[in-house]
Amino acid sequence: QVQLVESGGGLVQAGGSLRLSCAASGRAFSTYTMGWFRQAPGKEREFVARISLITYYADFVKGRFTISRDNAKNTVYLQMNSLKPEDTAVYYCGADASGYRSSQSPAAYDYWGQGTQVTVSS
């Protein structure tokens, strides 16, 4: 069983920045594909970014968000710059333990954190 714990959310003004972290338990972290998703009220959970040996982003965050990982710390990060009010959501990290699904679907991820709230004011 893998446990994921997100942190770093908060309230920020439009144009500001936040850095989310997701700490994972277990010794196989370096083999996982890690993803960030978000869910706004009344909406489905949507893909934001993922990282394995390469990174992949949703079109709406390209050039603004950066996903990275530190395998020595079992942690994945999401640096969010130029935030917009429409980025307001609960942000979740997920772990694909197979490491190879390369998917934007939440169904491809085996483990999830509890989420961290990001609120961007206009």
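The analysis underlying the following values was restricted to heavy atoms, covering all of them including side chains, and did not include hydrogens, waters or symmetry mates. We count residues from 1, following the sequence as given.
- In terms of heavy-atom proximity, T33 sits nearest to R50 at CG2-CD, 4.1 Å.
- Applying the side chain to side chain contact (heavy atoms under 4.5 Å, CB included) test to Q3 and every residue at least two apart in sequence or in another chain returns S25.
- Side-chain contact between V90 and T116 is absent, with no heavy-atom pair separated by less than 4.5 Å.
- Summarising the geometry, atom CG belonging to L78 is positioned 7.5 Å from atom OH belonging to Y91; distances are rounded to the nearest 0.5 Å.
- Residue L4 comes nearest to C93 through the heavy atom pair CD1-O, 3.6 Å, listed as atom of the first residue, atom of the second, then distance.
- A single hydrophobic cluster is not seen to contain both V48 and V5; linkage of ILVMFWY side chains at heavy-atom distances under 4.5 Å, directly or through other members, places them apart.
- When all heavy atoms of A95 and Y32 are compared, the closest pair comes out as CB-CD1, 4.2 Å.
- By the side chain to side chain donor-acceptor pair (under 3.5 Å) test, D70 is found to be paired with no residue, residues two or more places apart in sequence or in another chain being considered.
- Closest heavy-atom contact between G94 and W112: CA-CE3, 3.8 Å.
- Rounding to the nearest 0.5 Å gives a distance of 9.5 Å between CD of E46 and CD of Q39.
- Following chains of ILVMFWY side-chain contacts shorter than 4.5 Å, one cannot reach Y56 starting from W36, and the two form parts of different hydrophobic clusters.
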Next item on the list: Dump the intermediate steps for side-chain contact (heavy atoms from CB on, under 4.5 Å) on F65 and L83, then the final yes or no.
Entry: CA-CA 9 Å; F65 292 9; L83 283 161; 3.8 Å; yes
Note to self: Is there a side-chain contact (heavy atoms from CB on, under 4.5 Å) between Q1 and Y111? Walk through the geometry before answering.
What the structure shows: CA-CA 8 Å; Q1 188 76 8; Y111 304 101; 3.8 Å; yes
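- The side chain to side chain contact (heavy atoms under 4.5 Å, CB included) check on T55 picks up I51, Y57, I67, with sequence neighbours excluded.
- Here the side chain of E6 pairs a donor or acceptor atom with the backbone of G115 at under 3.5 angstrom.
- Looking only at side-chain heavy atoms (C-beta outward), T75 and Y77 come within less than 4.5 Å of each other.
- Contact record, T88 with A40: O-CB, 3.9 Å, taken as the closest heavy-atom pair.
- Distance CZ/R19 to OG/S7: 9.5 Å, rounded to 0.5 Å.
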Margin query: Set out, in order, the CA-CA distance, both residues' side-chain angles and the distance that settles side-chain contact (heavy atoms from CB on, under 4.5 Å) for D110 and D96, then state yes or no.
Written below: CA-CA 5 Å; D110 304 292; D96 164 13; 3.9 Å; yes
Next item on the list: Would you check, one step at a time, whether the test ring pair (Phe, Tyr, Trp, His ring centres under 6.0 Å) holds for F37 with Y109?
Entry: CA-CA 11 Å; F37 289 74; Y109 290 77; 5.1 Å; yes
Next item on the list: For side-chain contact (heavy atoms from CB on, under 4.5 Å), just list the numbers for M80 and R64, CA-CA rounded to whole Å, side-chain angles, deciding distance to a tenth of an Å, and then say yes or no.
Entry: CA-CA 6 Å; M80 306 188 294; R64 298 191 300 126; over 6 Å; no
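- Distance check, rounded to the nearest 0.5 Å: CG of N71 to CE of M34 gives 10.0 Å.
- Nearest heavy-atom pair across Y92 and G113 is CD2-O, 3.6 Å.
- We find that D87 and K84 are not joined by a salt bridge, their nearest charged nitrogen and carboxylate oxygen being 4.0 Å or further apart.
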